[in-house]
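These notes concern the structure reproduced below.
Heads up: numbering here begins at 1 and tracks the sequence.
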Amino acid sequence: MDNADLASTVEMEARERILAKHQAKTGVSSLYCRICEEPIAEERRKLVVTDLCLECASIEEKRNKR
């Protein structure tokens with residue numbers, strides 16, 4: 001991974017954190033997952049403010065625990 005790839009990754013992660021904070025403040029869930037772009041189940045959107053489907057949220061949670 002060169003410096004351009006690293007900078008791109010850092011920028012993307014920062015953008016995702018900012019969007020997540022914004023959504024949490026506004027209380028609006030996305031209709032589609034930001035990772036796989038599949039629809040997020042209506043039940044999930046009603047329960048939590050999210051931009052991830054259940055499958056991608058599970059993967060992200062496991063990744064963040066490392």
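- Two residues are said to be in side-chain contact when any heavy atoms from C-beta on lie closer than 4.5 Å; E60 and I35 meet this criterion.
- Checking side-chain atoms of R44 against main-chain N and O of V49 turns up no donor-acceptor pair under 3.5 Å.
- Under the side-chain hydrogen bond (donor to acceptor under 3.5 Å, both in side chains) criterion, the residue pairs touching residues 2-14 are E11-R15, with sequence neighbours excluded.
- Within the model, atoms CD of E37 and SG of C53 stand 11.0 Å from one another, a figure rounded to the nearest 0.5 Å.
- Closest of all the heavy-atom pairs between S30 and I40 is O-CD1, 3.4 Å.
- To the nearest 0.5 Å, atoms CG (L31) and CG (D51) are separated by 11.5 Å.
- In terms of heavy atoms, S29 sits closest to R45 at OG-O, 3.4 Å.
- Residues satisfying the salt bridge (charged side-chain N to carboxylate O under 4.0 Å, His left out) test with E38, not counting sequence neighbours, are none.
- One distance of note links CG of L54 with CD1 of I59; it measures 10.0 Å at 0.5 Å rounding.
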